[in-house]
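The structure appears right after this line, and notes come after that.
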Amino acid sequence: MADNFRLGVLLGDGVGPEIVPAAVQVLDSALAAVGAPAVEWVPLPVGAAAIDTHGSALPEITVETLDKLDGWLLGPHDSASYPAEHRALLNPSGFLRKHFDLFANIRPAKAFDGTPALRPGLDLVVVRENTEGFYADRSTYRGTGEFMPTADVAIAMGIFTRPAIERIARQAFELAVQRRKRLTIVHKANVLRTTTGFFLEICREIAAEYPDVAVDDFHIDAMTVHLVRHGADFDVLVTENMFGDILSDLTGELAGSLGIAPSINASHERAMAQAAHGSAPDIAGRGLANPTAMISSGAMLLDWLGNQPAAELIDRGLRAAVAGGVRTADLGGTAGTAEFTAAVVESINGLA
Ligand code: ATP
């Protein structure tokens, strides 16, 4: 890892101001423990707080500054709660994914030993195409792919392009090569033949470049059943935007809790760490949130930046803290965010 990385810190809404600082604290301790240079953290406004201070959920100063940074941590946003004029705009993470062409949303789901996971042996990664597909709000150059020609008719379009499918397929295969060499393509080619059939066909073409990877494919509906029944058999799943969003909530929960489901959104030049879960308004402000997903997302960012030792240490620290019995409520424990974070830092210092 090069010296003096500069990473943005965007707290976001709901539980964001609780879990993002926890991630910063854990990343700092892991970097110190492996003897890496400290990160320079750059706080930037986003979300409801930014609407109050800057009149925008994603102020220009934030986007301009991110452009000059090596990566960033983005807390969840609760855009449904924004005033109507802000709700009508692309939400902050959708905007950032589109603006920086963060085409690969990598969402691992791995159960923690000793926790009440629905699928205890689950260890897979959902590779979600992040720039087009059925999320029509971000598939167009100008305007949105959702529209109402009359007051009684709403239409959404999906977009599937060869270059976008090829690059996400390659990303997924590269990951499968480093893991258990199994890749599953998720689609709905029996009904959405032209769009998801195209996705399937191109992923199959790219498969020819990776003869060592075993490839199969499932319809999205059947996939949910296979994951619930025998999720531990799967390794890497590649799919379009909306299917990936839905599937990764399922895989996160099967692994124990949405609160442990991390992600990064990456291009070849940049990466944004972002928990797979939302802003959890039902528990926000009470110090109850599980910071694991945000911490693990930060570890994925360090890994992406080339600091595997710090990333691995964070993963071991998280697992040691949970194995030692310190758990947040979503994993059946009583620890709050601060207590759990302190236990992870202690584990990291003990393991280093
Ligand atoms: P979005 O549409 O942004 O995904 P949502 O409201 O559909 O948001 P979440 O905010 O992810 O979904 O919340 C779903 C459930 O998971 C809620 O009950 C929430 O409390 C729980 N949850 C989400 N994140 C965490 C966390 N970090 N720790 C504990 N529970 C969480």
Side-chain angles (χ1 to χ4, degrees), residues 10-26 46-48 57-58 73-82 86-87 89-97 105 107-112 115-118 126 128 130 134-138 146 241-265 272-300 314 318 321-322 326-344:
L10 289 77
L11 297 181
D13 305 318
V15 295
E18 297 160 69
I19 61 174
V20 176
V24 168
Q25 196 186 333
V26 170
V46 77
L58 190 60
L73 307 181
L74 174 67
H77 50 72
D78 185 12
S79 38
S81 71
Y82 299 166
H86 296 279
R87 274 206 305 275
L89 304 171
L90 194 54
N91 68 51
S93 77
F95 181 93
L96 292 172
R97 290 169 186 181
N105 188 196
R107 295 186 155 185
K110 184 173 176 184
F112 277 59
T115 58
L118 293 167
V126 176
R128 164 190 175 195
N130 224 6
F134 291 126
Y135 274 164
D137 63 337
R138 66 206 60 169
E146 263 191 313
N241 205 338
M242 185 169 72
F243 292 170
D245 196 11
I246 298 168
L247 265 193
S248 56
D249 264 26
L250 174 65
T251 54
E253 201 57 35
L254 288 173
S257 162
L258 258 186
I260 63 168
S263 86
I264 56 166
N265 302 265
M272 165 170 95
Q274 184 183 24
H277 60 75
S279 61
D282 51 338
I283 56 168
R286 294 158 59 195
L288 298 175
N290 186 347
T292 301
M294 196 65 237
I295 294 170
S296 288
S297 303
M300 289 177 75
I314 292 171
L318 281 164
V322 171
V326 187
R327 293 170 197 174
T328 45
D330 56 319
L331 292 180
T334 54
T337 313
E339 186 190 340
F340 180 75
T341 305
V344 176

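Numbering of ligands and ligand atoms starts at 1, following listing order.
Remark: the backbone N or O of Gln274 is paired with a side-chain donor or acceptor of Ser263 at under 3.5 angstrom.
The closest protein non-hydrogen atom to atom 27 (N) of ligand 1 is Asn290 O, 2.9 Å. Nearest non-hydrogen protein atom to atom 19 (C) of ligand 1 is Asp282 OD1, 3.4 Å. From the protein, the heavy atom lying nearest to atom 8 (O) of ligand 1 is Gly278 CA, 3.6 Å. Ranking the protein heavy atoms by distance from atom 31 (C) of ligand 1 puts Ile283 CD1, 4.1 Å first. Distance from atom 10 (O) of ligand 1 to its nearest protein heavy atom, with residue and atom name: Ala280 N, 2.8 Å.
Going from atom CG of Asn130 over to atom CG of Asn241 covers 5.5 Å, rounded to the nearest 0.5 Å. The distance from the CG atom of Leu74 to the CG atom of Leu58 is 8.5 Å, given to the nearest 0.5 Å. The line from CD1 of Ile19 to CE of Met294 is 6.0 Å long, rounded to the nearest 0.5 Å.
Contacts between Leu258 and ligand 1, counted as non-hydrogen atom pairs separated by less than 4.0 Å, involve the side chain only. Contacts with ligand 1 closer than 4.0 Å are made by no heavy atom of Ala293, backbone or side chain.
Interface of Gly259 with ligand 1, defined as ligand atoms under 4.0 Å from a residue heavy atom, comprises 26 (C), 27 (N).
Contact between Pro76 and ligand 1 is absent, with no heavy atom of the residue lying under 4.0 Å from the ligand. No heavy atom of Val15 sits closer than 4.0 Å to any atom of ligand 1.
Protein non-hydrogen atoms do not reach within 4.0 Å of atom 5 (P) of ligand 1. By the definition of a contact as any protein heavy atom under 4.0 Å away, atom 2 (O) of ligand 1 is not in contact.
Between Ala289 and ligand 1, not a single N/O pair is under 3.5 Å apart. Between Ser279 and ligand 1, at least one pair of N/O atoms sits closer than 3.5 Å. Backbone and side-chain nitrogen or oxygen atoms of His77 are examined, and none is located within less than 3.5 angstrom of a nitrogen or oxygen of ligand 1.
When all heavy atoms are compared, the tightest approach of Asp249 to Ala276 is OD1-O, 4.1 Å. In plain terms, the two heavy atoms of Val20 and Gly75 that are nearest each other are CG2-CA, 3.6 Å. The nearest pair of heavy atoms linking Ala255 to Ile260 is O-CD1, 3.5 Å.
A donor and an acceptor atom, one from each side chain of Asn91 and Tyr82, are nowhere located under 3.5 Å apart.
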